[in-house]
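Taking it in order: structure first as structure tokens, then the write-up.
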Amino acid sequence: QVQLVESGGGLVQPGGSLTLSCRFSGRDFTLIGMNWYRHAPGKQREWVASISASGIPNYPDSVKGRFTIAKDNSKKLLSLQMNNLKPEDTGVYYCNTPAGNWGQGTQVTVSS
């Protein structure tokens with residue numbers, strides 16, 4: 001059974017940085033890609049990053065050049081490095097597997 005636990009969220013000023021982590025429990029982490037999503041109040045859930053099983057990342061234009069997704073198979077850890085954060089990056093960030101597993105989320109607030 002897969003379990004996902006996100007951490008690393010917090011309050012940061014515009015232009016600041018945060019690194020989110022997602023700890024994976026279960027089998028076959030090395031065989032799957034992973035995703036990050038976010039959900040802001042009053043908005044639909046938004047995809048923010050993906051990484052394939054072979055380590056190829058993909059981002060929407062809204063975060064490209066600012067966010068970096070990484071997957072450490074030895075530690076079963078997914079990360080999201082977020083730089084030059086903007087107020088519109090505020091939301092609850094979730095990691096996700098292709099099979100539909102979700103963590104509990106971690107809050108990111110970008111505000112001065």
Query - Over 12 non-hydrogen atoms of neighbours within 6.0 angstrom of NZ in Lys64 - result: yes
Query raised in the report: What's the spacing between Leu4 CG and Arg23 CZ if we round to 0.5 Å?
Result: 11.5 Å
Report task. Start with the C-alpha gap between Ser62 and Glu46, add the side-chain angles, then the distance that decides, and say whether side chain to side chain contact (heavy atoms under 4.5 Å, CB included) holds. Result -> CA-CA 10 Å; Ser62 58; Glu46 178 187 13; 3.4 Å; yes
Query raised in the report: Less than 4.5 Å apart, any side-chain heavy atom of Ser21 and any of Leu77?
Result: yes
Query raised in the report: Got a donor-acceptor contact below 3.5 angstrom from the Gln13 side chain to the Val110 backbone?
Result: no
Requested in this report: Give, for atom CG of Leu31 and atom OG of Ser54, the distance between the pair rounded to the nearest 0.5 Å.
Outcome: 12.0 Å
**Report entry** Contact summary for Gly16 and Val12, nearest pair of heavy atoms
**Finding:** CA-CG2, 3.7 Å
Query raised in the report: So which heavy atom on Ser112 is nearest to which on Pro14, and how close?
Result: N-CD, 3.7 Å
Query raised in the report: So Asp89 and Lys86, salt bridge (Lys or Arg N to Asp or Glu O under 4.0 Å) or not? Walk me through it.
Result: CA-CA 5 Å; Asp89 295 317; Lys86 304 176 181 181; over 6 Å; no
**Report entry** Rounded distance (nearest 0.5 Å) linking atom CD1 of Ile32 with atom CG of Asn73
**Finding:** 9.5 Å
**Report entry** Output field: ring centroids Phe24/Phe29 closer than 6.0 Å
**Finding:** yes
Query raised in the report: Say you draw a straight line from OG1 of Thr90 to CD of Gln107; how long is it, rounded to the nearest 0.5 Å?
Result: 7.5 Å
**Report entry** Chi angles and distances behind the side chain to side chain contact (heavy atoms under 4.5 Å, CB included) call for Val5, Gln104
**Finding:** CA-CA 7 Å; Val5 179; Gln104 85 289 347; 4.1 Å; yes
Query raised in the report: Looking only at atom types and distance, does a side-chain atom of Lys76 sit under 3.5 Å from a main-chain N or O of Lys71, one as donor and one as acceptor?
Result: no
Query raised in the report: Are any non-hydrogen side-chain atoms of Cys22 and Trp36 less than 4.5 angstrom apart?
Result: yes
**Report entry** Nearest non-hydrogen partners of Ile69 and Pro57, listed with the distance
**Finding:** CG2-CB, 3.7 Å
Requested in this report: Please step through side chain to side chain contact (heavy atoms under 4.5 Å, CB included) for the pair Val2 and Trp102, ending with a clear verdict.
Outcome: CA-CA 9 Å; Val2 171; Trp102 295 89; over 6 Å; no
Requested in this report: Please check if Leu78 and Tyr37 belong to a single hydrophobic cluster, counting links between Ile, Leu, Val, Met, Phe, Trp and Tyr side chain heavy atoms closer than 4.5 Å.
Outcome: no
**Report entry** Straight-line distance of Ser17 OG to Asn83 CG, nearest 0.5 Å
**Finding:** 4.0 Å
Query raised in the report: Between Tyr59 and Trp47, is the gap from one ring center to the other below 6.0 Å?
Result: no
Report task. For Asn35 and Tyr94, run side chain to side chain contact (heavy atoms under 4.5 Å, CB included): C-alpha distance rounded to whole Å, both residues' side-chain angles, the deciding distance at 0.1 Å, then the answer. Result -> CA-CA 8 Å; Asn35 309 299; Tyr94 300 90; over 6 Å; no
Query raised in the report: Taking atom types as modelled, is there a side-chain donor on Ser111 or Thr109 under 3.5 Å from an acceptor on the other?
Result: no
Query raised in the report: In terms of hydrophobic clusters joined by side-chain contacts under 4.5 Å, are Met34 and Val92 together?
Result: no
Report summary line: Rounding to 0.5 Å, atoms CG (Asn96) and CD (Glu6) come to a distance of 9.5 Å
Query - Side-chain heavy-atom pair Thr68, Leu80 within 4.5 angstrom cut-off - result: no
Query raised in the report: Can you find a side-chain donor-acceptor pair between Tyr93 and Arg38 that sits under 3.5 Å?
Result: yes
